[in-house]
Amino acid sequence: MSSIYVDHAATTPMVETCFSAMTAQMLQLGNPSSLHTNGRATRKTLEDARESLAKEIGALPGEIIFTASGTEANNIALKGIFWSARKNGRNVVIISAIEHHAVLDPAHWLAEHEGAEVIQVPVDSEGLIDLDFLQETLNTRRDEIAVISIMHSNNETGVIQPISEVVKLAGEIPVHSDAVQSFKKTPLSFSELGLFALTLSAHKVGGPLGIGALILRRTVEIPALLHGGGQEREIRSGTLNAPGIVGFAVAASSNHYDALRVEELRDSFIAGVRKVIPDATVNGVNAKRLPGIVNITFPGTQSDTLLLLMDGQGVSCSTGSACSAGVHEASHVLIAMGHNVQTAQSSLRFSFGATSTQADVDYVVSVLPDVIARGRAANLS
Ligand SMILES: Cc1ncc(COP(=O)(O)O)c(C=O)c1O
């Protein structure tokens, strides 16, 4: 049976050069905080990696804070900036309705435990944030707003948000953006966007699991979230994950992802799906999107069933939404775009990446008619 991986938005295959750089680094002895020769050698390697990553994201090396994940970077950004601003009497946290749980949940935690008021910016049927709503909120609540966090692109639909417009409207208010899905897939520069903070994750760009980064302007002072040895501007103590950081930098600078090629595969997939399942609809199809992500609603099906049927055909894809106790919730992203619970639970996410091929596309399209027919039959029984 074929084994087709179309879940690159969940995680990506590791780039070969990253693997070899990491394994070499694993054998290097030396804590980067140690002052002896071994320690200084590791420190030098890490600072070179920091510089290389900074170049890739259009930031200064000193603006990079390494974390253990994109989730951690989002948590530090939201909680840290909120706590800092609260000292000045600001308690409003603005997020979009379609954020990843790694932003949604810390925001709601701040509301439950730290007195934050969370305002969610709605999206239209294409999944684009409502800039008029944001403008109106800024007009009426400007002096109360602690932080604005709007994702650069959505992990379920791939829809790219107008972040530079958000930054323009926000003025002096700190804006954070979760760019985990965008990095290396679409043009992205921290300094050009004028953001205060931005989140990255290595395993979405051919790097290892367990390493992420928060890009944070030097002028933003936030309290320590992890106390200890004072690493990473005293915001995030802990001995640095040297192999992970080296792997992250190598993967990010490898330029193995050809956006145009991936976009062509995606469009060929959409054309194929439309031919074999004419009532399928592509979510966010009219918006500017990432090259690799396609979210499709197949009326009259249940996404959990489709996922298993696809898996039975050797295809790894995703429902895109969070899983709780083994059952996928209806996607809050699709609901925010106007779906009802039923149609939101009839959708699958296919995500193509650097290793995807036209043969993958053709195979997935070829198994779809049978999968959807069986999915519809199961839904009726
Ligand atoms: C948009 C977005 N933000 C954050 C994350 C979390 O990143 P990590 O897996 O590094 O914690 C993900 C991962 O799926 C994501 O897609």
Side-chain angles (χ1 to χ4, degrees), residues 5 7-33 42-43 45-54 56-57 59 61 63-80 100-103 105-106 151-152 155 176 178-185 197-216 224-233 235-254 256-257 316 318 322-323 351 353-355:
Y5 187 80
D7 201 13
H8 289 253
T11 197
T12 53
M14 186 177 280
V15 178
E16 200 64 41
T17 48
C18 163
F19 178 73
S20 39
M22 282 186 77
T23 45
Q25 188 59 39
M26 278 176 189
L27 295 172
Q28 289 299 313
L29 181 62
N31 184 319
S33 300
T42 306
R43 166 65 60 191
T45 308
L46 288 189
E47 294 316 316
D48 288 349
R50 194 189 296 277
E51 211 167 285
S52 159
L53 187 65
E56 294 298 325
I57 188 59
E63 291 176 319
I64 293 183
I65 294 169
F66 286 111
T67 62
S69 60
T71 299
E72 186 190 334
N74 281 343
N75 271 262
I76 295 178
L78 259 86
K79 293 172 185 170
H100 188 275
H101 276 281
V103 164
D105 292 10
M151 70 200 321
H152 193 272
N155 48 294
H176 162 258
D178 175 346
V180 162
Q181 292 292 344
S182 292
F183 187 41
K184 304 304 293 182
K185 316 276 163 54
L198 176 136
T199 291
L200 303 177
S201 176
H203 74 100
K204 310 285 187 182
V205 296
L209 290 156
I211 186 83
L214 175 65
I215 320 299
L216 185 69
L225 266 86
L226 293 181
H227 300 87
Q231 291 90 345
E232 302 303 84
R233 286 160 59 182
I235 290 171
R236 202 265 183 191
S237 285
T239 302
L240 288 167
N241 171 0
I245 291 169
V246 166
F248 191 1
V250 169
S253 61
S254 72
H256 63 289
Y257 184 94
S316 301
S318 163
C323 187
S351 46
T355 55

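Hydrogens, waters and symmetry mates play no part in the numbers below; they use all other heavy atoms, side chains included.
- Atoms CD1 and CD1, from Ile64 and Ile245 in turn, are 10.0 Å apart once rounded to the nearest 0.5 Å.
- Although no hydrogens or angles enter the test, the distance criterion places a donor-acceptor pair under 3.5 Å between the side chain of Gln231 and the main chain of Gly238.
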Please report, to 0.1 Å, the donor-acceptor pairs under 3.5 Å made by any side chain of residues 13-24, with sequence neighbours excluded.
{"from": "Ser20", "atom 1": "OG", "to": "Glu16", "atom 2": "O", "distance (Å)": "3.3"}
{"from": "Ser20", "atom 1": "OG", "to": "Thr17", "atom 2": "O", "distance (Å)": "3.3"}
{"from": "Thr23", "atom 1": "OG1", "to": "Phe19", "atom 2": "O", "distance (Å)": "3.0"}
{"from": "Thr23", "atom 1": "OG1", "to": "Ser20", "atom 2": "O", "distance (Å)": "3.0"}

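- Qualifying salt bridge (Lys or Arg N to Asp or Glu O under 4.0 Å) partners for Asp105, counting only residues two or more places apart in sequence or in other chains: none.
- Looking at residues two or more places apart in sequence or on another chain, you find a salt bridge (Lys or Arg N to Asp or Glu O under 4.0 Å) between Arg50 and Glu47, Glu232.
- Residues forming a ring-ring contact (aromatic ring centres under 6.0 Å, His included) with Tyr257 (at least two apart in sequence, or on another chain): none.
- Under the 3.5 Å distance criterion, the side-chain polar atoms of Ser237 are matched with a main-chain donor or acceptor of Gly228.
- Rounding to the nearest 0.5 Å places CG of Leu214 at 7.0 Å from OG1 of Thr67.
- Side-chain contact annotation: His8 with Ser351, donor-acceptor N/O pair under 3.5 Å absent.
- Counting heavy atoms from C-beta outward, His256 and Thr355 have side chains that stay 4.5 Å or more apart.
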Name every donor-acceptor pair, under 3.5 Å, that has one atom in a side chain of residues 201-213 and the other anywhere in the protein, sequence neighbours excluded.
{"from": "His203", "atom 1": "ND1", "to": "Thr11", "atom 2": "OG1", "distance (Å)": "2.7"}
{"from": "Lys204", "atom 1": "NZ", "to": "Ala9", "atom 2": "O", "distance (Å)": "2.9"}
{"from": "Lys204", "atom 1": "NZ", "to": "Ala10", "atom 2": "O", "distance (Å)": "2.8"}

Query - Stepwise side chain to side chain contact (heavy atoms under 4.5 Å, CB included) test for Asn155 and Val180 - result: CA-CA 8 Å; Asn155 48 294; Val180 162; over 6 Å; no
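- Put simply, the side chain of Ser52 never gets that close to the backbone of Asp48: no donor and acceptor are under 3.5 Å apart.
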Report task. Assess whether side chain to side chain contact (heavy atoms under 4.5 Å, CB included) is satisfied between Ile65 and Arg233, documenting all intermediate values. Result -> CA-CA 8 Å; Ile65 294 169; Arg233 286 160 59 182; 4.1 Å; yes
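- Separation of atoms CD1 (Ile76) and CG (Leu78) is listed at 11.0 Å; rounding is to 0.5 Å.
- Residues Arg43 and Ser33 share a closest heavy-atom pair of NH2-OG, 4.1 Å.
- Here the side chains of Glu56 and Lys184 are in contact, with some heavy-atom distance below 4.5 Å.
- Taking all atoms of both residues into account, the shortest heavy-atom contact from Ala242 to Leu46 is CA-CD2, 3.6 Å.
- Judged as a side-chain hydrogen bond (donor to acceptor under 3.5 Å, both in side chains), and not counting sequence neighbours, the contacts of His176 are Asn74, Ser149, Thr199.
- Ala102 and Asn75 make their closest contact through O-ND2, 3.9 Å (heavy atoms, listed as atom of the first residue, atom of the second, distance).
- Using a 4.5 Å heavy-atom threshold, the side chains of Phe183 and Leu53 count as touching.
- Put simply, the side chain of Asp178 reaches to within 4.5 Å of the side chain of His100, judged on heavy atoms.
- Taking CZ from Phe66 and CG from Leu240, the interatomic distance works out to 7.5 Å, rounded to the nearest 0.5 Å.
- Within the 4.5 Å cutoff, side-chain heavy atoms of Leu226 are placed close to those of Glu72.
- Annotation: the span from Ile235 atom CD1 to His227 atom NE2 amounts to 11.0 Å, rounded to 0.5 Å.
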